[in-house]
Amino acid sequence: MKLVIAEKNIAAQKIAQLLSDAGKPKNDKVYNTAVYRFTVDGEEWVSMGLAGHILAPDFPDEILFDEKQGWYSLTEDGEVLPADVPDGLARPPYESKRRPFLPNGINIKGWKVESLPYLTWSPIIKNPAEREIIRVLKNLAKKSDSVIIATDFDREGELIGADALSMVREVAPDVPASRARYSALIKAEVTAAFDNLVELDENLADAGESRQYIDLIWGAVLTRYLTLAKFGGFGNVRSAGRVQTPTLALVVERERERRAFVPEDYWQIRGMGATADSEFKISHKTPRFTDKAAAEDAFSHVEHATTGTIVEVSKRSRKQQPPVPFNTTSLQAAAAAEGISPARTMRIAESLYMSGFISYPRVDNTVYPRSLDLEGIVKGLSSGSPALAPVCKKVLAGPMKPTRGKTETTDHPPIHPTGQGDPETLDGGQKKLYNLIARRFLATLMGPATIENTKLSIDVAGEPFTATGDVLVDPGFREAYPYGLKRDEQLPALAQGDVIDVHDIKLEAKQTEPPARYSQGKLVQEMEKRGLGTKSTRASIIERLYTVRYLKNDPIEPSQLGMAIIDALHEFAPRITTPEMTAELDADMTRVAEGKDTQEHVVDHSRALLAGMLDALIEHKDDLGEAISDAVTADAKVGECPKCGKDLVMKTSAKTRGSFIGCMGWPDCDVTYPVPSGVKVSPLEGEAGVCPECGAPRIKCQPFRSKAYEQCVNPKCPTNFEPDLKVGECKVCAEAGRHGDLIAHKSEKSGKRFIRCTNYEECQVSYPLPARGKLQATGETCPECGAPIVVVETARGPWRICVNMECPSKEKKTTSRGRGAAGSKTSAAKKTTAKKTTAKKTAAKKTTTKKTTAKKSAE
DNA sequence: GCAAGGTC
């Protein structure tokens, strides 16, 4: 039997399909792992997929260092054994200007600043990371008479293959092994690769392993150092790494630019133009006046103007080209613009890929291979998604010339829908991403959009004004792909000499804006541009920076802690803070791969560079600890104590582990505030962070998967609730000839807010209220149902509602205002909706599972 | 308790 070892399951499956003599390969399982059995020229073959790297590098357990005997380990009875370490590490571990100050017997497993120099020079072992896969691999290897490594054709692939082979060698030391190198999972490539088997490239694998070692050594040493400089308790690791630290530095650098930015004043003159049946924006031909006097002079001419004359009408049409196919980075950027973070995009994409909706999601390629059945996919989409059917029909009728991106690789096709599966079974996030991918795919097969731009030149009291409007005259690809499309701005049909009304002309003082913060999508693109990380790692690295609290918010801001970390590393270990470390590492690895340098030399050189920085780092440990401590306190600050003026900070209760806000003046000052549970809370900065009503801090609350809101932390503050506010009079009571007032209440127990009539016993009139937002009475009643109208101050501004949830006006609002009105549903109505959604989801899940199972057994 | 790289 021949054993084919691929990097991942899909590759193992594809290879089996492409090499199999006749008919489909047989799906089989060895201990729950999928393997594929087939025959080649009558010979029995089996292929299996790994799960990427199956071994993980780590520092050995229980290895110690002694000045005289070097590295050693202790047996269980305490016997000293020389450790099996590579020659290069037999040297004194730490070439410091000082003599090593440590006692003998340093254990590198303990997190101690004193052991960091030894960690820098520690040997590295590789531990099994995928025990199940290794078990299957060994099981099959024992039964095989030859083994073919068919992992991806790149540096990491070669390393993954070499690691797999080392596991095979443990059970089959003499089995012949060879390597198949294919760069695309298509018949011609794969058969050619298996017809021309080569040897595993040990140098290339060594290069990959050097990368692993250097990343681990630098990452572990600096992470331990930062964590220990000011230990913040377990769960408060301050990490550093070759990719994450330069990425953080990008964000910090942008923030510094913003802070150093000096805004410049400018002035704008803008107003409204109107014809009998339409209104449009007009602005002075000089878009920005930098001279205040000139702006005021121009404004004085038009301030009281009521009419303007059209001087010229010009029309220009421009074409917008359809987008190029998605690779990982462009998908992440497009999804980020739709509010899905890169990390979440990858989690959802993985699930869509695993259930057969989309192609493999980790790709650099942006050119569809010739072998891809574009027409078949469009047909599949057409029958699977009713919403896409009309546009699919158009695509099928057209010439279907796909666009091409700049990056052409042959490993996988660009990310595209498979045309399989029923999109109705997907959940919210999946559906959103699937639609983006499906619509992008269709757009790449369509023609350009044509936008007609109309420009009006208008004379207003001798001053030149303009108005512009963009109208999509031929949607082209936009019919499939509306993402990021600006709304039409239609100007009325006007001709030279026509006179229009003008009004509301204003002189506005403005200031230039600092450079924008990175969005998560932009940061992923910037990382790619600078060679930081790979398509598979960038999203998770950004996410990591959020979990260690170096970053916050979106657009991305660095925390004080993040800035302190960059400052410290910039001063004492600058190499880790720039993309150059990655560039130099790449150059080193190329030399190792070419056989011009060795793993030992390259890794030792890197160890020496790190060791050279340790002296200064250790010397300044306490300074850094203080800086981190100050930064953490500053990050926790939510405001100033209204009672004693000291800082109010987020604290964690030792007893309940819940969060609360407390005064730094404790125990002298006892001011505390509760913090809503189940939401992510962050302080608001500047004026927004202080409640104008009561002086307590205002905070931003981010509930899981719903809109963030802001509120004052003081539960007794009038901004949280106006108790016993009269919002109107009871209509039912009035009809019955008595008087009843409608009063707003808040339940002490549940915290729910509602309106109830003072004669509730008799009329039973009560209305629910939204859970948050300051309430104002208007004195008005709803024209549709006669219930009172109130204003609720929400995060998105004031919101007028009729308190009667059964009011007929609600239906209209739901359609016209979308989310805003949806929030006005009664809790009962909400419950029904929630139930429906859950039921739908459960049904959807069941269907998906059924389908997948059905599909699997069919294969 | 550390990184970054694969992929589940």
Side-chain angles (χ1 to χ4, degrees), chain A residues 5-12 32-34 48-59 108-113 115-116 119-120 122 124 126-127 129-133 136 151-164 205 207-228 231-248 328 346-347 349-355 360-363 411-412 527 531-545 547-548 576 581-582 585-586 589 606 610:
Chain A
I5 304 168
E7 187 157 321
K8 45 191 167 269
N9 181 52
I10 188 194
N32 257 333
T33 297
M48 73 169 290
L50 305 173
H53 295 280
I54 55 171
L55 300 183
D58 199 1
F59 303 106
I108 48 153
K109 273 283 157 178
W111 283 42
K112 292 267 168 52
V113 169
S115 73
L116 292 179
L119 191 72
T120 309
S122 165
I124 291 175
K126 289 183 99 169
N127 289 323
E130 297 287 344
R131 289 179 185 278
E132 270 308 300
I133 301 262
V136 176
T151 46
D152 292 358
F153 184 12
D154 55 29
R155 201 162 46 208
E156 295 295 328
E158 208 70 12
L159 171 59
I160 290 165
D163 283 349
E209 202 171 54
S210 310
R211 196 273 311 149
Q212 282 190 323
Y213 289 178
I214 291 169
D215 280 342
L216 175 64
I217 296 162
W218 280 75
V221 168
L222 292 175
T223 299
R224 288 185 188 190
Y225 171 78
L226 293 171
T227 305
L228 295 166
F231 186 61
F234 292 102
N236 278 308
V237 169
R238 327 262 185 231
S239 62
R242 174 176 57 83
V243 177
Q244 62 168 267
T245 305
T247 303
L248 173 61
T328 303
M346 293 318 285
R347 282 192 290 272
E350 182 68 30
S351 74
L352 289 173
Y353 159 65
M354 291 308 285
S355 46
Y360 189 69
R362 287 176 285 270
V363 233
D411 47 355
H412 297 279
M527 289 172 78
L532 293 171
T534 71
K535 58 187 182 294
S536 312
T537 59
R538 290 185 196 113
S540 63
I541 281 169
I542 295 175
E543 196 171 54
R544 168 96 191 134
L545 292 172
T547 44
V548 295
I576 195 79
M581 180 163 172
T582 297
L585 183 74
D586 280 336
M589 290 199 305
S606 188
L610 178 60

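Keep in mind that the numbers below use all heavy atoms, side chains included, and drop hydrogens, waters and symmetry copies.
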Undergrad: How many Å lie between OH on A/Tyr225 and P on B/dG1, as a whole number?
TA: 23 Å

Undergrad: Which residues, if any, of residues 152-162 of chain A bring a heavy atom under 4.0 Å of DNA chain B?
TA: A/Asp152, A/Glu156

Undergrad: For the backbone of A/Asp215 and the side chain of A/Arg242, can you confirm whether one donor and one acceptor N or O come within less than 3.5 Å of each other?
TA: no

Undergrad: Roughly how many Å is it from CG in A/Asp58 to C1' in B/dC2, rounded to a whole number?
TA: 9 Å

Undergrad: What's the shortest heavy-atom distance between A/Pro246 and A/Gly241, and which atoms?
TA: CD-O, 3.5 Å

Undergrad: How long is the line joining CH2 of A/Trp111 and P of B/dG1, in whole Å?
TA: 9 Å

Undergrad: I'd like to know whether NZ of A/Lys535 has more than 12 heavy-atom contacts from other residues, nucleotides or ligands below 6.0 angstrom.
TA: yes

Undergrad: Among residues at least two apart in sequence or on other chains, which ones pass salt bridge (charged side-chain N to carboxylate O under 4.0 Å, His left out) with A/Asp154?
TA: none

Undergrad: Write down the distance between CD1 (A/Ile214) and P (B/dG5), rounded to a whole number of angstrom.
TA: 13 Å

Undergrad: Quick check: on DNA chain B, is the nucleotide nearest A/Ile54 upstream (toward 5') of the one nearest A/Gly219, or the reverse? Name the residue that is more 5'.
TA: A/Gly219

Undergrad: Does B/dA4 have OP1 or OP2 sitting under 4.0 Å from an N or O in the side chain of A/Ser540?
TA: no

Undergrad: Testing the basics here: between A/Thr582 and A/Gly531, what is the closest heavy-atom pair and its distance to 0.1 Å?
TA: CG2-O, 3.4 Å

Undergrad: Is the distance from OP1 or OP2 of B/dG1 to the nearest side-chain N or O of A/Arg224 less than 4.0 Å?
TA: no

